[in-house]
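Beneath this line is the structure, given in structure tokens, with notes to follow.
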Amino acid sequence: MHKQVSYLLLEDGSLFSGHPIGAWREQPGEVVFNTSMTGYQEILTDPSYAGQIIVLTFPLIGNYGTTPKFTESNSIHAHGLIVSESCATPSHWQSQSPLDGYLKTNNVPGLSGLDTRALTRHLRERGTMRGALVQDLQSTDHWLEQLRSYQSEPAIANLVSTPAAYRASEQGSWRVAVLDFGAKSNIVRSLAALDAEVIVYPASTPVQKLLACSPDAVVLSNGPGDPANCTQGIKAAKELLGAVPLMGICLGHQLLGLAMGAKTYRLKFGHRGGNHPVKDLRSGRVSITSQNHGYAVALDGQTDIEITHINLYDGSVEGICHRELPVFSVQYHPEACPGPTDSRYLFEQLKDTATAWRRS
């Protein structure tokens, strides 16, 4: 049977061919790769991937199907999915739909049968770049012009944040306010498992309103985009410093770094996968972590910030804390989903910090 051919066009003019899957349409996005072997549904529904076309390096995707149990938000936020092979006949007792049907239901296009190894090597060598899923090669000149003139959305976190505050966990022995820049559901579940009452607030919430609920701690969540463009998040982080114990995750880590005077920079091709080794410099412990970020924090002469964790692949900063204030953050995802749960202890650290602060 003859399969239709469609393409991924990169802004450097490179072209990769495959077969359309999902709700096929021409679609631009930032092309990134993830090395996780499982967890494709969690990856697709992670709001941090908003605006991106995800390349999954594991060769067979979709073999256990899809189910609402494995979602990290209420929809797919990625602009597209690229896989080497999309399994049409999944086998799992919880599966409710094959991957192709799940993409169609969420109106997300994709490509299968593409040489993902060659594409990933290209992105590693050239760096992350814009791309477009295209149907007709005659439209490549149009798309190249669009890709090369693209300007990033400065307030992309607002597009994936909750539109209104809500209680995600009704009762608990301590109260956590989550400032939602694109929070994954398992952040809330991880906090609730530690007997926390969790209230989730939109990214644009004024700090005075956030503090009005008298939280014992505030979590600045993960989310998409360039942290330097998230000016409302930086402002909120500055105002929260010293007012309440703070924990930052991924984008929240970057926003805290910027709020404390550090810098952020774009990584060549980012860290995305479930197998990144991170060393805790205080204990010497190495954790295998789940990561999804294209930017990193770099200290710029700050003496009040301590680097607590580093990436053992490239030495980049993976965790920081304030030397005097109850503030800490990590670049990776302690809630995992997908990935290992080595770093769940960080939520316990937040509870201990909040308890000590409340008693002081």
Side-chain angles (χ1 to χ4, degrees), residues 48 157 176-184 186-188 190-191 201 203 207 210 215-228 230 232-265 267 270-271 276 278-283 285 287 289-300 302-311 315-336 342-354 356-357:
S48 296
V176 182
V178 176
L179 196 53
D180 176 16
F181 299 103
K184 291 167 62 182
N186 206 42
I187 292 176
V188 171
S190 298
L191 292 167
Y201 289 90
V207 165
L210 191 73
D216 297 306
V218 172
V219 172
L220 305 180
S221 83
N222 62 290
D226 183 342
C230 191
Q232 63 184 14
I234 300 170
K235 180 176 182 292
K238 286 181 179 179
E239 294 176 2
L240 288 167
L241 287 170
V244 65
L246 291 174
M247 176 184 184
I249 297 174
C250 202
L251 177 64
H253 159 80
Q254 297 160 2
L255 298 177
L256 273 175
L258 290 168
M260 293 189 289
K263 304 293 184 183
T264 56
Y265 65 97
L267 296 164
H271 298 157
H276 289 255
V278 167
K279 183 176 182 178
D280 185 329
L281 297 179
R282 296 164 298 182
S283 67
R285 173 182 178 179
S287 298
T289 66
S290 175
Q291 303 208 3
N292 169 26
H293 59 101
Y295 293 82
V297 170
L299 269 60
D300 190 31
Q302 289 74 31
T303 58
D304 54 352
I305 302 176
E306 176 186 353
I307 297 175
T308 57
H309 299 76
I310 60 168
N311 188 300
S316 59
V317 174
E318 291 281 359
I320 57 175
C321 72
H322 196 282
R323 294 186 186 276
E324 297 179 2
L325 301 175
V327 175
F328 71 96
S329 62
V330 289
Q331 181 62 80
Y332 49 96
H333 288 265
E335 80 285 352
D342 299 25
S343 302
R344 290 281 179 87
Y345 71 92
L346 291 165
F347 292 113
E348 298 174 2
Q349 179 180 326
L350 178 65
K351 183 177 182 179
D352 292 342
T353 301
W357 177 78

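The analysis underlying the following values was restricted to heavy atoms, covering all of them including side chains, and did not include hydrogens, waters or symmetry mates.
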Look up atom CG in Leu251 and atom CG in Asp226, then write down how far apart they are to the nearest 0.5 Å. 9.5 Å

Of all the heavy-atom pairs spanning Asn292 and Ser48, show the shortest one and how long it is. ND2-CB, 3.2 Å

Rounded to the nearest 0.5 Å, how far apart are OH of Tyr295 and CG of Leu258? 11.5 Å

Would you mind listing every side chain to side chain donor-acceptor pair (under 3.5 Å) that reaches into residues 245-254, with sequence neighbours excluded? His253-Ser329, Gln254-Gln331

When rounded to the nearest 0.5 angstrom, what is the spacing between CG in Leu325 and CG in Leu246? 8.5 Å

For residues 235-243, which side-chain donor-acceptor pairs fall under 3.5 Å, sequence neighbours excluded?
from   : atom 1 : to     : atom 2 : distance (Å)
Lys235 : NZ     : Glu239 : OE2    : 2.6

To the nearest 0.5 angstrom, please state how far the CD1 atom of Ile305 sits from the CG atom of Asp300. 9.5 Å

Tyr332 and His309 aromatic ring geometry - parallel, tilted or perpendicular at 30°/60° bounds: perpendicular

Check: Asn186 side chain, Glu335 main-chain N or O, donor-acceptor pair, under 3.5 Å: yes

Beyond-backbone contact of Leu299 with Ile307, side-chain heavy atoms, under 4.5 angstrom: yes

Kindly indicate whether the side chain of Thr308, heavy atoms from C-beta on, has any atom under 4.5 Å from the side chain of Phe328. no

Do side-chain atoms of Asn311 reach the backbone of His276 as a donor and acceptor pair under 3.5 angstrom? no

Side-chain heavy atoms of Met260 within contact of Asp304, under 4.5 Å: no

Would you please test Val218 and Tyr201 for side-chain contact (heavy atoms from CB on, under 4.5 Å) and show each step? CA-CA 10 Å; Val218 172; Tyr201 289 90; over 6 Å; no

Using atom types as modelled and distance alone, determine if a side-chain donor or acceptor of Glu318 lies under 3.5 Å from a backbone N or O of Val278. no

Is the shortest heavy-atom distance from the side chain of Cys230 to the side chain of Leu255 under 4.5 Å? yes

Inter-residue atom distance Asp216.CG - Lys351.NZ, 0.5 Å rounding: 10.5 Å

Drop me the distance from Gln349's CD to Ser343's OG, to the nearest 0.5 angstrom. 11.0 Å

Tell me the closest heavy-atom pair linking Ile234 and Ala228, and the distance in Å. CD1-O, 4.1 Å

Check whether any side-chain heavy atom of Pro227 lies under 4.5 Å from a side-chain heavy atom of Phe181, and answer yes or no. no

For Met247, the option from Ser221, Pro326, Pro334 that meets side chain to side chain contact (heavy atoms under 4.5 Å, CB included): Pro334

Would Asn222 and Ile187 count as a side-chain contact (heavy atoms from CB on, under 4.5 Å) here? Give the steps. CA-CA 9 Å; Asn222 62 290; Ile187 292 176; 3.3 Å; yes

Mind checking whether Leu346 and Leu350 have side chains closer than 4.5 Å, heavy atoms only? no

Heavy-atom closest pair (Ala336 atom, Lys184 atom, distance to 0.1 Å) is O-NZ, 2.5 Å

Do you know which two heavy atoms are closest between Ile320 and Gly257, and how far apart they sit? CD1-CA, 4.0 Å

Going by heavy atoms in the side chains, are Phe347 and Ile249 under 4.5 Å from each other? yes

Check: His322 and Leu256 side chains under 4.5 Å, non-hydrogen atoms: no

